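Predicted model, so just to flag it, every value in this text is computed and none were measured. Sequence positions, counted from 1, serve as the residue numbers for this chain.
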Amino acid sequence: MRTRIKLTKLIGASLLCACFSLGTISCGDDDYPAIELIYADNHTQAVGNTLTIAPFTDTQALYIIGGDGSYVISNSNEEVALVIYNGETVQFKPLKTGDTDITITDHSGNSYILRLQVRYESITYTVTSVSAEVEGDKMQVGEQRALKEIIINDIPVQKDGSYTLQYTNDTYTQGSITIRSSASTLQRQGIFYRTEKESAAGFHYYSLNITLTTGENLIYSLVEKEENGTSEIYLTADVTADYKGSYPLLEKAVTYQYLEKTSSIPATE
C-alpha cells in the first residue's frame, strides 16, 4: 500500500548550509540543494539512502532539508512502517519486519529515496576456544584426564563454531537461534529464551535455554564480564549428570565455551 503526505516547511539559511549532495539523489532544479534527511540532534549527520531500524521503537527525529521547501512524502509499503510528521520533524514507526521505500519530492521536481529496512537485532557469538573442569578427589589422575578430553569433544559447538541469536520481542528475552557446530558444518535452527540471573558472588549472568528443531535441548549460563577495560564472554554448563553414571567417582564436571561477540544493531539504538 502506498501513502502520500504533503508538507511544507521553511528552512533557515544556516540549516541549508549543512546540506551536501548524494550521488543517488536526483534533482530537477539545480537552483536548490539536494533533498536530504538529517538527524534532528546532529544537523551535520545525513541519514543517507538506507536506514535500518528495530521493530520495537520509532526512529530518531529527522529533518528534511534541501529542495524548494514544499514536500510530498510517498511510502511504498505502509504495512512495514508509517511516516509520522508533526510539522517540525519526520519519524518512521515500524510495524513489522520488511522493506519500504520512502520517496520525498518537491514541486520543483527534486527527489530523494530512502530504503527503510525493519530488522530484528541479532548477536553472533563465535567460539574462540573450549575447555572443561573435572573434579573427583577419588578419581585417578589419568581417569580425570581422559574424562576431561571426552567432555571437551562432546561440547556441541567447537572452536570457530557460532551461536546467532535474533531477538524477536522488545524485552530481548526470546527469539530464534542459528547454531554452527564448527565453521564448516551446516546450520541448525531453533528458539531460545534468555533470563537474567544473579550469582551467589553477586555478578549478573543470563540463563540461556535453547530448543533446536531436532528436539535437542541445550541449557547454558551466558556470562559477560567487563573488568579494567577487558571483556570476557563465555558459555558454561554443568554436565556432571551426563557422565556420573559412567564415572561414579565424579563429583563435578563443567564445560566452557569462550566467545567473541559481534552485533547487528539497527540505527535507532
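With rounding to the nearest 0.5 angstrom, the CD1 atom of Ile102 is 9.0 Å from the CG atom of Asn77.
Applying the side-chain hydrogen bond (donor to acceptor under 3.5 Å, both in side chains) test to Gln174 and every residue at least two apart in sequence or in another chain returns nothing. Residues that satisfy the side chain to side chain contact (heavy atoms under 4.5 Å, CB included) test with Asp170, not counting sequence neighbours, are Phe56. Arg145 pairs by the salt bridge (Lys or Arg N to Asp or Glu O under 4.0 Å) definition with nothing, not counting sequence neighbours. Partners of Thr124 by side chain to side chain contact (heavy atoms under 4.5 Å, CB included), not counting sequence neighbours, listed by chain and number: Thr126, Ser162, Thr164, Thr262. In this structure, the salt bridge (Lys or Arg N to Asp or Glu O under 4.0 Å) partners of Asp99, at least two apart in sequence or on a different chain, are Arg115, Arg119. Residues passing the side-chain hydrogen bond (donor to acceptor under 3.5 Å, both in side chains) test with Thr171 are Asn169, Thr173, sequence neighbours excluded. Residues passing the side chain to side chain contact (heavy atoms under 4.5 Å, CB included) test with Gln158, sequence neighbours excluded: Val130, Ile155.
Each ring pair (Phe, Tyr, Trp, His ring centres under 6.0 Å) pair with one or both residues in residues 121-147, not counting sequence neighbours, would appear here, but there are none. Annotation: ring pair (Phe, Tyr, Trp, His ring centres under 6.0 Å) contacts involving residues 208-260, sequence neighbours excluded, comprise Tyr163-Tyr220, Tyr234-Tyr256, Tyr234-Tyr258. Note on residues 225-251: no pairs pass salt bridge (charged side-chain N to carboxylate O under 4.0 Å, His left out), not counting sequence neighbours.
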Acceptor/donor pairs from residues 184-204 side chains to any protein atom, 3.5 angstrom cut, sequence neighbours excluded:
unit_1 : atom_1 : unit_2 : atom_2 : d
Thr185 : OG1    : Ser181 : N      : 3.1
Thr185 : OG1    : Ser182 : N      : 3.0
Thr185 : OG1    : Ser182 : O      : 3.0
Gln187 : OE1    : Gln189 : NE2    : 3.2
Arg188 : NH1    : Glu216 : OE1    : 2.9
Arg188 : NH2    : Ser181 : OG     : 3.3
Gln189 : OE1    : Thr178 : OG1    : 2.9
Arg194 : NE     : Tyr172 : O      : 3.3
Arg194 : NH1    : Tyr167 : OH     : 3.3
Arg194 : NH2    : Tyr172 : O      : 3.0
Glu196 : OE2    : His204 : ND1    : 3.3
Ser199 : OG     : Ala201 : N      : 3.3
Ser199 : OG     : Gly202 : N      : 3.3
Ser199 : OG     : Phe203 : N      : 3.2
Ser199 : OG     : Phe203 : O      : 3.3

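Hydrophobic clustering, defined by side-chain heavy atoms of Ile, Leu, Val, Met, Phe, Trp and Tyr closer than 4.5 Å, groups Leu82 together with Leu95.
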